[in-house]
Amino acid sequence: MTDFKKRYIEVRKKIIEHDFARLNTEQRQAVMSTEGPLLILAGAGSGKTTVLINRIACILKYGKAADSDEIPAYADERDLEFLENYSGLYSPEDKARAEELCSEDPAEPWQVIAITFTNKAAGELVSRLEKMLGGRSGEIWASTFHSACVRILRRDITALGLFSRNFTIYDTSDSTSLIKHIMRETDTDEKKYAPRAVLSAISAAKDAMLTPEEYLRSAGIDPWKKTVAELWKEYNRRMIQADSLDFDDLILYTVTLFERCPDVLEYYRRRFRYVLVDEYQDTNMLQYKFISLLSGGYRNICVVGDDDQGIYKFRGASIENILGFESQYSDARVIKLEQNYRSTSTILQAANAVIRVNAQRKNKELWTDNEKGGPISLYTAMNENDEAQYAAACILKGHTEGEKWSDYAVLYRINALSNRLEYAMKRNGIPYRVYGGMRFYDRAEIKDMLAYLCVINNPDDELRLRRIINNPPRGIGDTTLDKASAIAEREGKSLYRVLTECGDYPELRTAYSKIKAFTDIIEELRAASTDTLDELYDRLVRLSGYMTMLEAKDTQDNITRAENVSELKTNIISFVRERGGVCTLADFLDEMALYSDTDAMDGDDCVALMTIHSAKGLEFPNVFIVGAEDGIFPGLKAIGEQDEIEEERRLCYVAITRAKRRLWITNARQRMLFGRTQSNMVSRFVKDIPDELLDKSGASQTGYSAAYSSYGTPRAENRGRYMGGYSSGVRPENSVKSRPSSLSRPAPISLDYKAGESVIHKAFGKGMILSAEKMGPDMVVEIAFEKEGTKKLMISSAGRYLTKIGK
DNA sequence: AATCCGGTTCTTTTT
DNA sequence: GAACCGGATT
C-alpha cells in the first residue's frame with residue numbers, strides 16, 4: 001500500500017470518527033463497521049437504537065469509507081493535505097468537499113432495510129431516522145418482519161401461483177375460528193385437539209419449513225400428529241381458496257418465493273445493500289431464513305440483540321440464531337456494548353448477579369458510570385393485598401415528594417396478579433393504566449366492521465363473510481349457509497358467488513329474498529369502494545344496519561359499542577390523512593391487520609401496570625417487581641426444566657434493568673391465586689442478589705403487614721351494607737374496604753366531608769359526595785365523579801387529593 | 001335467537 | 001376467582 005493511501009485512509013477515518021464523537025468507543029466501532037456480517041451484542045440500556053440510527057446515517061453519508069481500503073481514484077496530494085488540515089470548523093463548501101472526499105460509494109436510502117419485531121420499535125426507528133436525516137429517511141425500509149414481507153408479497157406473490165396480489169391477512173383469532181370450523185366439520189374432538197395446541201403445532205411445523213405431507217410422514221404412527229397433519233392440509237386448502245395468508249404464512253411464502261424464484265430473490269438482494277435486524281434474539285427459524293436469503297448477496301448483514309433478553313422462546317424464537325451467528329458467518333465481527341446509561345450501579349449489579357447464573361450465554365457484563373443509588377427494597381408481605389397496598393403506599397409517598405405517577409411501573413410475571421394491584425390503586429386514588437389488556441381492534445364490534453370491509457375488498461374471504469352475514473340478524477342461519485356451502489363445494493365456486501346466484505339453486509329458494517337482500521348490500525358497497533374511505537365507511541354503517549341494531553337497546557354495553565364503531569371512523573380519517581389523502585381500502589386493511597394499538601402509549605400521567613414481557617424495551621425511574629416467588633416467578637412449570645429456568649432468569653434480568661433509579665421487589669407469605677391459597681418461597685432469583693444491595697427492613701415491619709391482612713374478606717355486615725348502597729355504575733371493587741396506610745397517613749386527618757358537597761379530586765376531577773361515613777379515625781366517602789363514575793375513597797389516603805369547591 | 005348453567009381452564013405475546 | 005365455551009333450555 002502506498003504511503004499516500006495509508007495517510008488518506010487514516011485521516012479519513014479520523015474525520016468520520018469525529019463525526020460520531022458523541023458515541024462511546026464500542027458504539028462508534030459498531031457504527032463504522034459497515035461491511036460484512038456484524039453482530040452487535042447490546043446489553044440493556046446500552047444505546048442500541050442510537051447505534052442503529054447512526055450506523056444508517058454513516059452508511060448514507062460515507063458509504064463503505066469507514067470500513068474499507070478503497071479511496072477515491074481522483075484524490076490527489078492537495079485533497080489529502082486539505083483533509084489533514086480539516087477540523088470540521090470550515091465553511092459549508094469545505095465541509096461538502098471533505099464529505100465528498102471521505103465518502104466511498106454512499107448508499108441510497110432505498111438500499112437500506114432495517115427490520116424490527118414490533119410496530120412500536122419500527123415507529124421509533126422511523127421517527128428517529130427522520131429527525132437525524134430529514135426527508136431522505138422516507139425511502140428507508142424501516143418496518144417489521146411482517147410488513148416487509150407483505151410489501152414483497154403484494155408485488156410478487158403471483159409468481160407462486162397460489163394467491164392473488166389482493167390477498168387478505170388473517171390474524172390469530174381468524175386462524176383460530178377457521179381451524180375450529182374445520183374441526184367441527186370433520187368431527188374432531190376439541191378436547192383432545194385443543195385448537196390452540198393444533199395451531200401452535202402447525203406454526204412450529206411451518207417454522208421448520210415442512211409441508212403438511214412431510215409433517216404427516218414425520219408423524220409416524222403418532223395419531224395426534226396425524227390428525228394435525230390432516231387439519232393443516234384442510235386449513236391450507238381453505239386459506240388458498242379464500243385468498244388469505246396468516247401471520248406465519250407472510251414470512252413462509254416470502255421465503256418460499258425467494259427459494260423458488262431466483263429472479264425475485266435477486267431483485268431484492270441487489271436492492272438491499274445493507275440489512276439491519278433489531279432484537280435478533282427473538283427471531284425464529286423462518287425469520288432467520290428470510291434474513292439470510294435477503295442479505296446473501298452483499299453479505300452486509302448487521303444483527304443487534306441481547307442473548308440475555310431472549311424471552312420469547314415459547315412463541316418460537318430460537319436463541320440459537322444469535323448464539324450461532326459467528327459459526328454461520330466465519331468472518332463475522334462481534335462488538336459488545338456493555339456500558340449502561342440507564343440504571344444506578346446498584347441496580348446493575350443486581351441484574352448482573354442474577355443473569356450470571358445462566359450457562360447458555362455470551363460472556364457479557366454491564367457496567368455504568370452512573371451513581372450508586374439507593375439499595376433495592378425487598379418487602380415480604382402477608383398476602384397479595386398487603387403487597388399491593390405496600391406498592392400503592394410507596395407510590396403515594398413518592399408522589400407527595402414530587403415524583404410523577406408516570407415515573408412508576410409495577411411489573412408482574414402473570415396477568416392474574418394485576419387485579420389486586422388495580423384495587424389498591426383505585427382505593428388510594430392513584431391514576432393507573434393496565435397495559436396489554438383488551439385492545440381496541442380486538443373488540444367484537446370493531447372486528448365486525450373490519451370484517452365487512454374485508455368482504456367488500458375480497459368476497460372470497462369466507463371466514464369474514466360468515467362472521468357478518470347474519471350480523472345484524474338477517475334470518476340467514478346455519479342451515480342456509482350449510483346448503484350454500486355444499487353447493488359451493490360441488491360447483492367449485494366461492495360461497496359468495498353461490499349466494500349472488502342463489503336464484504339458480506332450488507335448495508336456496510326459501511331463503512332467496514333474505515340472501516338477495518344481503519348480497520345487494522355488499523354489491524352496493526363494492527360499487528362504492530372507490531369512494532373515499534370514510535364515505536365508504538359511513539355507507540357501510542348505514543346499509544349494514546349495524547348501528548340500528550346497537551341503537552335498538554340502549555344498554556351501557558351497546559352505547560359503548562356504538563361509540564367504538566364511530567371511533568373507528570376517526571381512525572380511518574386520520575389514517576387517510578397520514579397517507580396524504582391517497583389510500584385504498586386494501587392499504588387500510590393491511591395496516592389494520594398488522595397494527596396493534598398497544599403502541600399508542602398515551603402521555604397521561606399514570607402509573608403503568610404491565611407484565612414483564614410487555615415492559616421489554618421500556619424504562620422507568622421507579623419499578624416494582626411483585627410476586628417474586630418460586631412458583632410464580634419462576635413459574636411452576638419452569639421449575640425443574642433447565643432451559644425454562646434460564647428463560648425465566650432472563651425475564652428477571654429484563655425486569656430489573658427496566659429501573660433507572662429505584663427498584664422494589666416484593667413477595668407474599670400467602671397468596672390467593674386461581675382460587676386457592678398458596679404459600680411460596682421467595683424467588684430463587686432474589687436469593688442470587690447480594691445482600692449488600694438489598695434493604696430488607698420493610699419486611700420486618702410486621703405491624704404494617706398485619707394491618708392489611710384482612711383485605712380480601714370484608715366482614716359480612718360490611719359487605720351487606722355496601723352492596724345495598726351501590727348506585728348504578730358502581731363497580732364493587734371500588735368499595736373494597738380500606739384502612740389507612742401507616743406509611744401515607746398524614747398527622748391529623750380532616751373528616752369534614754358531608755353528603756351533597758362538591759369536590760375536585762386531583763386525578764378523577766370534579767365530583768359530588770354521595771355519602772360520608774366515619775370509620776374510627778378515618779372516613780369513607782362515596783363520590784360520584786363527572787367523568788370517572790362513582791368511587792369510594794378513604795380520606796386517610798385520598799384526602800390530600802380532595803379539594804372542596806362551592807356548588 | 002337469547003339466555004342460562006355447568007364444566008373447564010388459567011403463563012408469558014407480537015405479528 | 002373469574003372468564004370463557006358449549007350445550008341445553010326457553
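Every chain is numbered from 1 and lettered A, B, ... according to where its sequence line falls, protein lines coming before strand lines.
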Item to check | Interatomic distance where CD1 belongs to A/Ile202 and C1' belongs to B/dT15 [whole Å] | outcome: 17 Å

Next on the checklist: Within the 4.0 Å heavy-atom criterion, would you say A/Asn470 contacts the bases, only the backbone, or no part of the nucleic acid?
Outcome noted: sugar-phosphate

Next on the checklist: Suppose you measure atom P in B/dT13 against the same atom in C/dC4; what distance do you get, rounded to whole Å?
Outcome noted: 16 Å

Checklist entry - How is A/Glu279 classified with respect to the nucleic acid when contacts are heavy atoms under 4.0 Å: base, sugar-phosphate, or nothing? => result nothing

Checklist entry - Within less than 4.0 Å of OP1 or OP2 of B/dT13, is there a side-chain N or O belonging to A/Ser614? => result yes

Checklist entry - Is the distance from OP1 or OP2 of B/dT12 to the nearest side-chain N or O of A/Asn415 less than 4.0 Å? => result yes

Checklist entry - Side-chain donor-acceptor pair under 3.5 Å between A/Tyr193 and A/Thr227, yes or no? => result yes

Item to check | Mutual orientation of the aromatic rings belonging to A/His613 and A/Tyr312 [parallel < 30°, tilted 30-60°, perpendicular > 60°] | outcome: tilted

Checklist entry - Is A/Thr172 touching bases, backbone alone, or none of the nucleic acid, heavy atoms closer than 4.0 Å? => result base

Next on the checklist: Quick check on C/dG1: is either OP1 or OP2 less than 4.0 Å from any side-chain nitrogen or oxygen of A/Asn419?
Outcome noted: no

Item to check | Between P of B/dT14 and CZ of A/Phe247, the distance in whole Å | outcome: 11 Å

Checklist entry - Can you tell me how far C1' of B/dA1 sits from CZ of A/Arg474, to the nearest Å? => result 15 Å

Checklist entry - Is A/Glu648 touching bases, backbone alone, or none of the nucleic acid, heavy atoms closer than 4.0 Å? => result base

Item to check | In B/dT12, glycosidic geometry as syn within 90° of 0 or anti otherwise | outcome: anti

Checklist outcome for this item: By nearest-nucleotide position on DNA chain B, the 5'-leaning member of A/Phe117 and A/Ala416 is A/Ala416

Checklist entry - Given atom CD1 of A/Ile645 and atom P of B/dT11, what is their separation to the nearest angstrom? => result 16 Å

Next on the checklist: Under 4.0 Å, counting only non-hydrogen atoms across every strand here, what does A/Arg413 touch: a base, just sugar-phosphate, or nothing?
Outcome noted: base

Item to check | Proximity to the side chain of A/Met672 - top-ranked nucleotide from B/dT11, C/dG1, B/dT13 | outcome: C/dG1

Checklist entry - Is any side-chain nitrogen or oxygen of A/Asn284 closer than 4.0 Å to OP1 or OP2 of B/dT15? => result no

Checklist entry - Nearest-Å distance, CD1 (A/Ile632) to C1' (B/dT12)? => result 14 Å

Next on the checklist: By the 4.0 Å heavy-atom rule, please label A/Phe314 as base, sugar-phosphate, or nothing.
Outcome noted: base

Checklist entry - Atom CZ of A/Phe674 and atom P of B/dT8: how far apart are they, to the nearest Å? => result 18 Å

Next on the checklist: Whole angstroms only, please: what is the CD-P distance between A/Glu641 and B/dT12?
Outcome noted: 18 Å

Checklist entry - How would you label the contact of A/Phe145 with the nucleic acid (heavy atoms, under 4.0 Å): base, sugar-phosphate, or nothing? => result nothing

Checklist outcome for this item: Closest to the side chain of A/Glu644, out of B/dT12, C/dG6, B/dT11, is B/dT11

Checklist entry - In whole Å, what is the span from the CG atom of A/Asp248 to the C1' atom of B/dT14? => result 11 Å

Item to check | Passing option when A/Lys206 is tested against A/Asp248, A/Asp249, A/Asn284 for side-chain hydrogen bond (donor to acceptor under 3.5 Å, both in side chains) | outcome: A/Asp249

Next on the checklist: A/Glu629 and side-chain hydrogen bond (donor to acceptor under 3.5 Å, both in side chains): which single residue from A/Arg669, A/Arg671, A/Arg413 fits?
Outcome noted: A/Arg671

Checklist entry - So with a 6.0 Å cut-off around NZ of A/Lys313, is the heavy-atom count from everything else above 12? => result yes

Next on the checklist: Work out how far the C1' atom of B/dT14 is from that of C/dA3, and round it to whole angstrom.
Outcome noted: 23 Å

Checklist entry - Run the side-chain hydrogen bond (donor to acceptor under 3.5 Å, both in side chains) check on A/Gln389 and A/Arg420 step by step: do they pass? => result CA-CA 9 Å; A/Gln389 180 58 35; A/Arg420 295 287 131 183; over 6 Å; no

Checklist entry - At under 4.0 Å between heavy atoms, what does A/Glu190 touch on the DNA or RNA strands: base, sugar-phosphate, or nothing? => result sugar-phosphate

